[in-house]
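Below, read A as the first sequence line, B as the second, and so on, with proteins coming before strands; counting in each chain starts at 1.
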2 protein chains.
Amino acid sequence: MRRLKLMATRVEQRQRTEARILTAARRLFGEHGFDRTTIRAIATEAGSDPGLVMRYFGSKEKLFAQAAAIPADGPIEGSPKQIAQQLTAALTDKLADEPAAALAALRAMFSYPEAAEEVRAAMTSQQRQVAAHLPGDDAVLRSGVIGALTLGLVISRHLVRLDGLDASPEELIAVVGPLIEELTTGA
Amino acid sequence: MRRLKLMATRVEQRQRTEARILTAARRLFGEHGFDRTTIRAIATEAGSDPGLVMRYFGSKEKLFAQAAAIPADGPIEGSPKQIAQQLTAALTDKLADEPAAALAALRAMFSYPEAAEEVRAAMTSQQRQVAAHLPGDDAVLRSGVIGALTLGLVISRHLVRLDGLDASPEELIAVVGPLIEELTTGA
DNA sequence: CGATTCAGTCTACAAGTGTTGACTGAACGG
DNA sequence: CCGTTCAGTCAACACTTGTAGACTGAATCG
C-alpha cells in the first residue's frame with residue numbers, strides 16, 4: 001500500500017466530493033433560492049471548484065433537480081380517522097426538523113417554474129390519495145384545504161418564521177390536529 | 001391651444017408613463033418574481049425605456065418596493081365571533097381576485113429578503129391584533145395558525161393553482177369558515 | 001513500469017444584468 | 001420669442017453569471 005492514510009481511492013474521493021457538493025447545494029438553494037445561489041458559491045462552500053460541479057452534475061438545473069427532490073410521504077389509506085392520524089404524523093415531522101431538500105424546492109417554487117411543478121406534483125398526488133378515502137361530495141375540496149393548511153404551516157414556520165408558530169411541534173399539533181380530523185371526517 | 005388632442009401636458013404624460021411602468025412591474029414581478037423580472041422587460045411591456053424606468057424610480061429595488069406594497073386589511077376588533085367574521089370576509093376577498101401587488105410580494109418573498117420582511121411585517125401586525133382579542137392562553141398560537149392557513153390558501157390557489165382549490169370563494173369559505181371560527185373561539 | 005484515466009484547478013468567454021450619461025426635441029415660463 | 005426644463009431615446013459601462021476547455025498530477029490498470 002503506497003497510499004497515505006489521508007488519501008483515498010478514486011471512487012471514494014469522487015463520492016465524497018459529490019456528496020459535499022450536494023450538501024452545500026441543498027443548504028444554499030434552501031437558504032437563498034435558485035437564482036440567488038451561484039455555482040461558484042456552491043463550489044466554494046463545498047471546498048471545490050465551479051468547473052468540477054459542472055462536470056459532475058452537468059448544469060445548474062440538473063444539480064438543483066438532484067438537490068431539491070421532495071421526499072414522498074408514505075402511502076395514505078384507511079378510515080378517515082386513520083387518515084387524519086397519518087396526516088398529522090407526517091405534519092409533525094415536517095414541523096419538527098427542516099428538510100433541506102424540501103425547503104430548497106419550496107423556496108425555489110415561486111421563481112423557478114420546474115420547482116413549482118415539483119411541488120405541485122407532490123401536493124396533487126398526495127391530495128388525490130387523500131380525497132379518494134374521504135366521505136362527502138366536497139372531498140376533493142376538503143383535501144385541498146388540508147394541503148393548503150399544511151403548506152401554509154410549513155412555510156410560515158420554516159421560511160417566514162412567523163411569531164407564534166415557533167412553538168413545539170406537539171403544541172402546534174394540539175391546535176391543528178382537530179382541524180385536520182374535522183376536515184377528513186367532514187363534520 | 002397649440003396642443004394636439006393626442007398630446008398632453010408634461011405632468012399628465014409623466015403620470016401616465018409612471019402608471020404604465022408600475023402596472024407592468026406589478027404584472028411581471030407577480031408572474032416571474034423579482035430576480036427573473038428585468039428592467040428591460042418592464043420597460044418594454046410599458047412601452048417605455050430602461051433608462052426612463054431608472055430615472056423615475058431610482059433603482060430596481062425601489063421600483064419593486066412601490067409595486068409590491070401589500071395593502072393592509074382593515075382594523076380587527078370585536079368579539080371572537082365578530083373577528084372570525086371579519087377574517088373570513090377578508091379571506092373571501094383574497095381568494096376572489098388576484099391582487100397583483102400582493103402576489104408580487106408573495107412570489108418574491110422567498111428569494112428577495114426585503115419582500116420576505118414585508119410579508120412578515122404584514123402578517124405579524126395582523127396576527128398581533130387578532131391575538132389580543134382572542135381568549136385562551138394559546139391565543140398567539142391560534143392566531144398564528146389562522147395566518148398560516150390564510151397564507152397557505154392564497155398561495156395554493158393563486159400561485160400553485162392546486163387542483164381542488166379552484167372552487168368558488170363561497171364554496172371555499174363554506175369549508176374554511178368554520179375552522180377559523182373554531183380557531184378564534186378556541187373550542 | 002508505462003500508458004491511460006480522471007479528480008481537481010485555472011483561465012476565458014459569451015450572454016445578460018442594473019445602471020449611467022449624453023443627446024434630442026418638445027413643452028414650459030417669463 | 002428665447003432660454004430652460006424635462007420626457008424620452010440610445011449607446012455604453014462594469015459586473016456577474018453559467019459554462020467550456022486546456023492543463024496538472026496522482027490513481028489505476030495491464
Rounding to an integer number of Å, can you tell me how far [X] [atom1] sits from [N] [atom2]?
{"X": "B:Phe57", "N": "C:dT20", "atom1": "CZ", "atom2": "P", "answer": "16 Å"}
{"X": "B:Tyr56", "N": "C:dT20", "atom1": "OH", "atom2": "P", "answer": "16 Å"}
{"X": "B:Gln13", "N": "C:dG25", "atom1": "CD", "atom2": "P", "answer": "18 Å"}
{"X": "A:Ile21", "N": "D:dG18", "atom1": "CD1", "atom2": "P", "answer": "14 Å"}
{"X": "A:Leu52", "N": "C:dG8", "atom1": "CG", "atom2": "C1'", "answer": "6 Å"}
{"X": "A:Ile42", "N": "D:dT17", "atom1": "CD1", "atom2": "P", "answer": "12 Å"}
{"X": "B:Asp49", "N": "C:dA22", "atom1": "CG", "atom2": "P", "answer": "16 Å"}
{"X": "B:Ile39", "N": "D:dA14", "atom1": "CD1", "atom2": "P", "answer": "20 Å"}

Would you say [N] has OP1 or OP2 under 4.0 Å from some side-chain N or O of [X]?
{"X": "A:Ser59", "N": "D:dG18", "value": "no"}
{"X": "A:Ser48", "N": "C:dG8", "value": "no"}
{"X": "A:Arg55", "N": "C:dA7", "value": "yes"}

- Would one find more than 12 heavy atoms of other residues, nucleotides or ligands at under 6.0 Å from atom CZ of A:Arg128?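 Result for CZ/A:Arg128: open.
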
- Got a sec: does the CG of A:Asp97 have more than 12 other heavy atoms crowding it under 6.0 Å?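 Yes, the 6.0 Å shell around CG holds more than 12 heavy atoms from other groups.
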
- Residue mapping more 5' on DNA chain D - nearest nucleotide basis, B:Pro50 or B:Arg14: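 Looking at DNA chain D, the more 5' nearest nucleotide goes with B:Arg14.
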
- Message: Side chains of B:Ser168 and B:Glu171: any donor to acceptor distance under 3.5 Å?
- Response: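 Side chains of B:Glu171 and B:Ser168: pair found under 3.5 Å.
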
Considering only side-chain heavy atoms of [X], which listed nucleotide, [options], is closest?
{"X": "A:Met54", "options": "D:dA20, C:dG18, D:dC10", "result": "D:dA20"}
{"X": "A:Thr38", "options": "D:dG18, D:dT28, C:dA27", "result": "D:dG18"}
{"X": "A:Arg40", "options": "D:dT28, C:dT19, D:dT17", "result": "D:dT17"}

- Intermediate values then yes/no, salt bridge (charged side-chain N to carboxylate O under 4.0 Å, His left out), B:Glu98 and B:Arg161: CA-CA 12 Å; B:Glu98 310 194 4; B:Arg161 296 187 197 281; 3.6 Å; yes

- Query: Which class fits the ring pair A:Phe29 and A:Phe34: parallel under 30°, tilted 30 to 60°, perpendicular over 60°?
  - Reply: parallel

- Query: Going by modelled atom types, is there a donor-acceptor pair between the base of C:dT5 and the side chain of A:Arg10 at under 3.5 Å?
  - Reply: yes

- Want to settle it: does B:Lys60 or A:Gly47 sit nearer the 5' end of DNA chain C, counting the closest nucleotide to each? A:Gly47

